[in-house]
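Have a look at the structure below before the remarks.
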Amino acid sequence: MAQFSLVSASVGLITLQNPPVNALSAVLRQGIVDAVEKALCDPKVKSVVICGQNGIFCGGADIREFGTNMRGPPLIPMIHAIESANKPMVAAIEGSALGGGLELALGCHYRIAHSQARLGLPEVTLGLLPAAGGSQRLPRLIGVPAALNLITTGRHVTAAEALQLGIVDQVTDHNTVDAAVKFSQSVAGQSLDGRRISTYPCPVQPNLDAFFEEAMLKVRQSARGAIAPVACVQAVRAAATLPYAQGMKREKELMATLFTSGQARALQYCFFAQRAVGRWSTPSGGRWDTSKPRPVHTAAVIGLGTMGRGITVALAQTGLSVVAVETQVKQLTEAKQAVSGMLERGATRRGAAPTPDRITYSENIQAVAGADLVIEAVFEDMALKEKVFRQLSDVCKPGALLCTNTSALDIDHLASQTRNPELVVGMHFFAPAHVMKLLEVVYGPRSSSQAVATAMQLGKKMGKISVAVGNCRGFVGNRMLKPYLEQAFFLLEEGATPELVDRALEDFGFPMGVFKVSDLSGLDVGWRVRKADGMVESGLSTGPSARIRQGRRYSPLGDLLCEQGRFGQKTGRGWYLYDKPGGRVSKSDPWLHSFLEEYRVQQGLVARRVDQQEVLERCLFALINEGFQILEEGIAAGPEDIDAIYVFGYGWPRHRGGPMFYAGMVGLAKVMERLDHYHQAHPDEPSLQPCSLLRRLVASGKKLHSQL
Ligand SMILES: CC(C)(COP(=O)(O)OP(=O)(O)OC[C@H]1O[C@@H](n2cnc3c(N)ncnc32)[C@H](O)[C@@H]1OP(=O)(O)O)[C@@H](O)C(=O)NCCC(=O)NCCSC(=O)/C=C/CCCCCCCCCCCCC(=O)O
């Protein structure tokens with residue numbers, strides 16, 4: 001609801017009250033309409049201030065209402081009534097004014113913001129556009145280029161930037177409502193003719209056609225198939241070229257297409273999934289709302305390779321004291337330099353002071369004795385990690401949490417090396433650890449819920465999307481990646497090329513296809529793991545058993561490339577060719593194509609035509625099938641956990657909602673039918689056999705997601 005009160009004898013104060021973020025639900029919209037009418041009818045009221053309760057102006061339209069039968073007064077006429085008012089309307093912006101919240105403020109005649117406030121039109125991130133007049137008013141207020149940037153990226157701006165851009169009229173460090181009340185009194189009785197943004201002409205944009213062509217090209221390139229950014233450009237173009245009323249008509253038409261789109265549903269699902277993963281639970285009964293995290297003031301990192309350096313930076317940037325340990329002197333010296341460089345660059349980007357003084361370096365593991373939490377990030381080798389955990393168990397103070405950054409190894413086995421296995425969890429960061437948003441917090445059967453809560457809370461403080469997952473080989477993300485990679489290799493054997501597979505995945509929306517990613521991360525990484533698993537045989541044998549390992553189909557293609565020293569970008573050759581070792585721009589490699597042809601001949605394989613649909617179905621459905629298996633085993637608590645992991649850690653296109661949501665969009669019956677079809681053709685590929693949870697869901701007609 002919205003509360004109306006009279007303050008300072010002549011100012012009508014309308015307070016939005018819809019916790020936690022004052023989203024513009026039907027009830028709140030009705031409340032605003034009623035309160036505005038009251039204010040305009042009351043002769044004592046000479047000016048009006050609109051504010052939000054609990055330090056937040058408004059988080060925008062109520063996203064939970066989308067997709068329902070929306071009732072209550074619509075936003076556009078409500079904002080129009082505010083703008084048309086004959087008494088000054090002033091928005092007092094604290095906390096956030098986002099989406100419909102900012103559009104409401106743009107309908108006001110003046111905007112006063114607190115210095116800590118954030119403003120933005122993030123609708124594009126929900127698959128929408130600012131369709132309560134935002135796409136038409138903002139360009140009229142701040143010009144086309146600045147408005148286009150905010151609307152197509154959805155980025156939030158600080159109050160200082162909003163003032164500089166001309167979005168707000170005043171910024172205060174003090175009580176915003178008091179400042180707005182005072183301000184409204186100072187303008188009461190003045191003409192409002194020049195204050196209604198919808199009446200402003202849009203500032204002239206030179207070379208309009210070329211400007212919008214370039215803008216469209218840019219969003220199409222970065223949007224990778226997302227439709228909302230394209231519609232946002234079209235809406236801003238309407239603002240720049242049409243009178244306001246016609247622009248509003250265009251805004252409405254564009255919104256109508258987006259509003260019911262699958263992409264909007266997927267993006268709105270991602271919004272809630274990102275928040276849902278914070279409400280974690282474990283099979284042993286641990287829960288986010290009943291487990292109290294331990295305080296962490298000092299954290300330690302063991303091993304300063306690439307991952308350890310990134311983790312050190314991420315911890316230091318969170319404001320913790322960090323003890324960074326590396327036993328090899330040369331590596332330690334290099335790490336110190338690299339970490340200061342990363343901190344300096346990060347600080348420059350954020351406009352803050354660097355924080356290297358919070359880090360203490362040591363060659364000696366004893367230095368971690370005082371740490372509240374230790375993250376082991378040594379080389380991915382079980383024997384080495386076992387040794388480190390035994391040492392940590394001796395050295396660390398009682399109650400210190402011992403975490404491992406392993407990407408696949410058994411957490412429970414590492415816990416068994418320590419005196420307090422309940423204090424051991426995985427904190428699986430993704431490279432570069434100070435940049436990537438995802439953190440898998442891995443609990444073993446003996447991890448205490450307090451240990452999970454502590455790691456989850458630390459992840460949140462570090463700005464990560466932290467997802468609690470169970471202990472199994474590869475946890476959730478890497479485990480699901482295995483069948484995806486496997487299928488990509490098999491497709492090469494059957495006639496595809498790396499280019500064809502990558503194009504299909506990039507057209508689907510991944511930033512990079514599987515083979516480009518493999519070149520980037522290094523083919524030798526998987527090779528080492530396969531060797532340790534006893535999968536690799538030196539050289540190329542032939543005959544029917546040559547491509548069967550441990551009873552299932554196996555492709556040695558990656559191993560053969562590694563034997564040739566083709567490790568990807570670092571060696572200048574992998575699945576693609578690069579101009580030099582370390583080069584980043586991939587080119588097709590005729591050598592690789594001949595190699596594939598010869599390989600097929602040697603193996604008696606006849607190349608056939610593989611199309612993009614088969615690439616997507618085999619790679620993605622195999623990955624999704626593993627996701628169902630993971631749910632069935634209870635390794636992930638719900639589909640949101642898997643989807644968040646894939647969207648934030650593996651480049652899954654957000655507008656497709658994550659693999660499990662995508663499966664629901666395609667239809668579980670269809671996913672199962674295609675898996676069955678491919679499994680019949682390839683009975684030696686168990687990852688194509690639909691798992692029992694998928695079969696049960698299809699048989700019962702149940703859905704995995706309530707949104708679908
Ligand atoms: C920064 C925040 C506001 C606060 O962050 P924080 O303090 O960290 O808190 P959170 O954990 O994020 O959130 C707390 C809980 O609140 C829930 N929440 C947050 N925002 C909303 C919201 N806008 N709606 C509903 N719920 C919200 C959140 O989920 C948390 O709850 P839970 O933990 O999940 O239970 C931060 O929250 C934030 O960034 N929020 C989102 C801001 C945002 O994106 N706003 C834009 C919303 S979209 C919008 O405003 C659109 C405006 C134009 C709409 C015009 C409508 C016209 C419809 C016409 C349709 C025409 C088509 C016709 C078709 C036909 O013809 O049929």
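Whatever order the structure lists ligands and atoms in, that order sets their numbers, starting from 1. In this text, all values refer to a predicted model and were calculated from it rather than measured experimentally.
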Going by a strict under-4.0 Å cutoff (protein heavy atoms only), does [atom] have a neighbour on the protein?
{"atom": "atom 41 (C) of ligand 1", "value": "yes"}
{"atom": "atom 66 (O) of ligand 1", "value": "no"}
{"atom": "atom 16 (O) of ligand 1", "value": "yes"}
{"atom": "atom 33 (O) of ligand 1", "value": "yes"}
{"atom": "atom 8 (O) of ligand 1", "value": "no"}
{"atom": "atom 59 (C) of ligand 1", "value": "no"}

Candidates Q136, R140, R137 - the one meeting side-chain hydrogen bond (donor to acceptor under 3.5 Å, both in side chains) with Y244
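Looking at Q136, R140, R137, the match for Y244 under the side-chain hydrogen bond (donor to acceptor under 3.5 Å, both in side chains) is R137.
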Under a heavy-atom criterion of less than 4.0 Å, does P20 contact ligand 1?
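Distance cut 4.0 Å: P20 passes for ligand 1.
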Value rounded to 0.5 Å, distance of CG in L129 from SG in C232:
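Reported value, rounded in 0.5 Å steps: 5.0 Å.
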Stepwise salt bridge (charged side-chain N to carboxylate O under 4.0 Å, His left out) test for D62 and R64
CA-CA 5 Å; D62 186 343; R64 289 187 203 276; 5.3 Å; no
How about V168 and I112: do any of their side-chain heavy atoms sit closer than 4.5 Å?
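Heavy-atom side-chain distance check fails, nothing below 4.5 Å.
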With a 4.5 Å heavy-atom cut-off, do M456 and W288 have their side chains touching?
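No, side chains not in contact.
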Looking only at side-chain N and O atoms, does S291 offer a donor or acceptor that is under 3.5 Å from a partner on Q450?
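Side-chain D/A pair, Q450 to S291: absent.
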May I ask you to check whether Y269 and D643 show a side-chain donor-acceptor distance below 3.5 Å?
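The answer is yes; a qualifying pair exists.
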Among all protein heavy atoms, pick out the one at the shortest distance from [atom]; state its residue, atom name and that distance to 0.1 Å.
{"atom": "atom 24 (N) of ligand 1", "value": "I63 N, 2.9 Å"}
{"atom": "atom 28 (C) of ligand 1", "value": "R275 CD, 3.7 Å"}
{"atom": "atom 53 (C) of ligand 1", "value": "E103 OE1, 3.5 Å"}
{"atom": "atom 21 (C) of ligand 1", "value": "V21 CG2, 3.7 Å"}
{"atom": "atom 2 (C) of ligand 1", "value": "L98 CD1, 4.4 Å"}
{"atom": "atom 48 (S) of ligand 1", "value": "L126 CD1, 3.7 Å"}
{"atom": "atom 31 (O) of ligand 1", "value": "R64 NH2, 3.7 Å"}
{"atom": "atom 61 (C) of ligand 1", "value": "M255 CG, 4.2 Å"}

Pull out every atom of ligand 1 sitting under 4.0 Å from any heavy atom of [X], numbered as shown with elements.
{"X": "A23", "value": "22 (C), 24 (N)"}
{"X": "S96", "value": "1 (C)"}
{"X": "G60", "value": "50 (O)"}
{"X": "G99", "value": "46 (C), 50 (O)"}
{"X": "F272", "value": "29 (O), 34 (O)"}
{"X": "D62", "value": "24 (N), 25 (C)"}
{"X": "F271", "value": "19 (C), 20 (N), 29 (O), 40 (N), 41 (C)"}

Begin with the C-alpha distance, continue with both residues' side-chain angles, and end with the deciding distance and a verdict on salt bridge (charged side-chain N to carboxylate O under 4.0 Å, His left out) for E640 and R275.
CA-CA 9 Å; E640 292 85 0; R275 284 152 181 85; over 6 Å; no
Criterion side-chain contact (heavy atoms from CB on, under 4.5 Å) on W280 and D641, from CA distance to verdict:
CA-CA 9 Å; W280 57 272; D641 298 276; 5.9 Å; no
Between E83 and R195, does at least one N-O distance fall below 4.0 Å, as a salt bridge requires?
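Looking at R195 together with E83, the answer is no, because their closest N to O distance does not fall below 4.0 Å.
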Geometric N/O contact [X] with ligand 1, under 3.5 angstrom:
{"X": "R279", "answer": "yes"}
{"X": "T260", "answer": "no"}
{"X": "A256", "answer": "no"}
{"X": "A132", "answer": "no"}

Nearest heavy atom to atom 45 (N) of ligand 1 wins, so pick from G120, A131, G59, A61.
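It is G59 whose heavy atom sits nearest to atom 45 (N) of ligand 1.
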With no hydrogens and no angle check, is any side-chain donor or acceptor of T318 less than 3.5 Å from a backbone partner on L320?
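Not a single qualifying donor-acceptor pair exists.
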Taking T282 for the side chain and G286 for the main chain, is one N or O donor matched with an acceptor at less than 3.5 Å?
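Yes: the side chain of T282 pairs with the backbone of G286.
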For the residue pair F648 and F430, is the inter-centroid distance of their aromatic rings smaller than 6.0 Å?
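No: the rings miss the under 6.0 Å criterion.
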Is it true that the NZ or CZ of R656 lies under 6.0 Å from the centre of F508's six-membered ring and within 45 degrees of the ring axis?
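Yes, a cation-pi geometry holds between R656 and F508.
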Tell me if the NE2 atom of H156 is crowded by more than 12 foreign heavy atoms within 6.0 Å.
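Yes - once you tally the heavy atoms of other residues, nucleotides and ligands closer than 6.0 Å, there are more than 12.
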Worked check of salt bridge (charged side-chain N to carboxylate O under 4.0 Å, His left out) between E440 and K464:
CA-CA 10 Å; E440 280 184 321; K464 307 286 179 200; over 6 Å; no
